[in-house]
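Here's the structure, in structure tokens; my notes come after.
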Amino acid sequence: MKKNWWKALTVVLLLYVAVAGLLMPVPRLAILNETIRNLYFHVPMWFGMTFILVASVVYSVRYLRNPSVELDIRSHEAARTGILMGCVGLATGSIWAKYTWGTWWTNDPKLNGAAIAMLIYGAYLVLRSSFTDEQQRARVSAIYNIFAFATAMPLFYILPRLTDSLHPGAGGNPAFARYDLDNDMRLVFYPAVIGWTLLAFWLAQVASRIALLKQKVYEKQLV
């Protein structure tokens, strides 16, 4: 029970975010109106995606230094979780764009960069499925995972800031925290970041355990 305290914390935080995020007052801003509540879901998901992808890269580096099936599996499942969080982040962002910009998608550097980054990670999954040799698959996947992270992060966080963008916090457009993230919203936003990040690690842990069990069953069948 002591080892799983963070899982209980995850449940409590996300329940709090779901309830408070829908019921607590928010700034009355033109165009955004009630859609600003999406800040509690869309943005924290990107935080969760980033942290779990960092974990995936760490596992890949560890694998290249000291190859093991467990490290390969944990890196893979963490990457898959990051891709899931990223896709949900894109979906929530698209919904937000529809209500604030009037369209599901725009030719915006931030949006296009995020989409390209997700495609790069999607290629990672395709690459893994193209190998039959386990050791070769794990080694090549680890190398590509490092490349994908090094490419995706600038697309997410650096390049959009260097060009004109509608997206808050990009292209000279101020982020929410600078002009409308009031104290009431901070009471929900920061727990949301922690909660969604913990959920990402929880999902990756469960997926890794299932994959490791399947691997053990497979190895027993070979004996």
Side-chain angles (χ1 to χ4, degrees), residues 1-15 17-18 41 44-92 114 117-153 155-156 191-223:
M1 184 63 182
K2 291 182 179 180
K3 293 182 179 180
N4 295 323
W5 64 268
W6 62 275
K7 296 178 181 178
L9 177 62
T10 303
V11 173
V12 171
L13 287 176
L14 292 182
L15 284 175
V17 170
F41 305 95
M45 287 178 185
W46 288 114
F47 275 97
M49 175 205 69
T50 302
F51 286 122
I52 198 65
L53 289 180
V54 169
S56 177
V57 168
V58 170
Y59 283 126
S60 290
V61 172
R62 290 178 61 190
Y63 175 85
L64 293 175
R65 295 180 60 186
N66 186 23
S68 72
V69 173
E70 180 177 352
L71 289 174
D72 173 54
I73 288 176
R74 292 192 180 279
S75 175
H76 177 222
E77 297 304 334
R80 288 180 60 193
T81 303
I83 293 170
L84 173 63
M85 299 290 286
C87 289
V88 177
L90 282 177
T92 54
M118 287 293 96
L119 289 175
I120 291 173
Y121 268 101
Y124 164 80
L125 300 179
V126 175
L127 179 67
R128 280 188 67 90
S129 64
S130 65
F131 289 94
T132 55
D133 182 84
E134 293 183 2
Q135 292 184 355
Q136 186 180 21
R137 178 182 62 199
R139 185 171 59 256
V140 174
S141 296
I143 295 172
Y144 182 88
N145 191 26
I146 297 171
F147 159 79
F149 182 84
T151 305
M153 290 303 109
L155 289 172
F156 279 129
V193 171
I194 298 172
W196 286 109
T197 300
L198 290 177
L199 179 63
F201 280 88
W202 192 355
L203 291 174
Q205 183 190 70
V206 172
S208 296
R209 286 181 176 179
I210 294 173
L212 286 169
L213 287 174
K214 289 181 178 179
Q215 180 66 25
K216 290 181 180 179
V217 171
Y218 173 72
E219 291 175 353
K220 287 182 179 179
Q221 290 176 346
L222 295 179
V223 176

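Computed over heavy atoms, backbone and side chain alike; hydrogens, waters and symmetry mates excluded. This structure is a prediction, so every number in the text was calculated from the model and none was measured.
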*Are the side chains of Val193 and Trp46 in touch, meaning some heavy atoms are under 4.5 Å apart?*
no
*Would you call Val206 and Ile210 a side-chain contact if the rule is heavy atoms closer than 4.5 Å?*
yes
*Sub-4.5 Å side-chain heavy-atom contact between Arg80 and Leu203*: no
*For Ser141, side-chain contact (heavy atoms from CB on, under 4.5 Å) partners two or more places apart*: Tyr124, Arg128, Arg137
*Which atom names give the shortest non-hydrogen contact between Gly195 and Thr10, and what distance separates them?*
O-CG2, 3.7 Å
*Report the C-alpha separation of Thr81 and Phe201 in whole Å, then their side-chain angles, then the decisive distance to 0.1 Å, and conclude whether the side-chain contact (heavy atoms from CB on, under 4.5 Å) test is met.*
CA-CA 8 Å; Thr81 303; Phe201 280 88; over 6 Å; no
Atom pairs and distances, donor-acceptor, side-chain atoms in residues 51-63, under 3.5 Å, two or more places apart:
unit_1 : atom_1 : unit_2 : atom_2 : d
Ser56  : OG     : Ser75  : O      : 2.8
Ser56  : OG     : Ser75  : OG     : 3.4
Ser56  : OG     : Asn145 : ND2    : 2.8
Ser60  : OG     : Ser56  : O      : 3.2
Ser60  : OG     : Ser75  : OG     : 2.7
Ser60  : OG     : Asn145 : ND2    : 2.8

*Validation row: Phe156, Thr50 side chains within 4.5 angstrom (heavy atoms)*: no
*Within residues 192-211 or reaching into it, pairs that qualify as side-chain hydrogen bond (donor to acceptor under 3.5 Å, both in side chains) - sequence neighbours excluded*: Lys7-Gln205
*side-chain contact (heavy atoms from CB on, under 4.5 Å) with Ile83: which residues, sequence neighbours excluded?*
Cys87, Tyr121, Leu125
_Rounded distance [0.5 Å steps], CD in Glu77 versus CG in Leu84_ = 11.5 Å
*List in chain and number order the residues that pass side-chain contact (heavy atoms from CB on, under 4.5 Å) with Leu9, two or more places apart in sequence or in another chain; answer none if no residue qualifies.*
Trp5, Leu13, Leu198
*Which is it for Arg74 and Leu212 under the side-chain contact (heavy atoms from CB on, under 4.5 Å) test, yes or no, and what are the steps along the way?*
CA-CA 9 Å; Arg74 292 192 180 279; Leu212 286 169; 4.0 Å; yes
*Who passes ring pair (Phe, Tyr, Trp, His ring centres under 6.0 Å) against Tyr144, sequence neighbours left out?*
Phe147
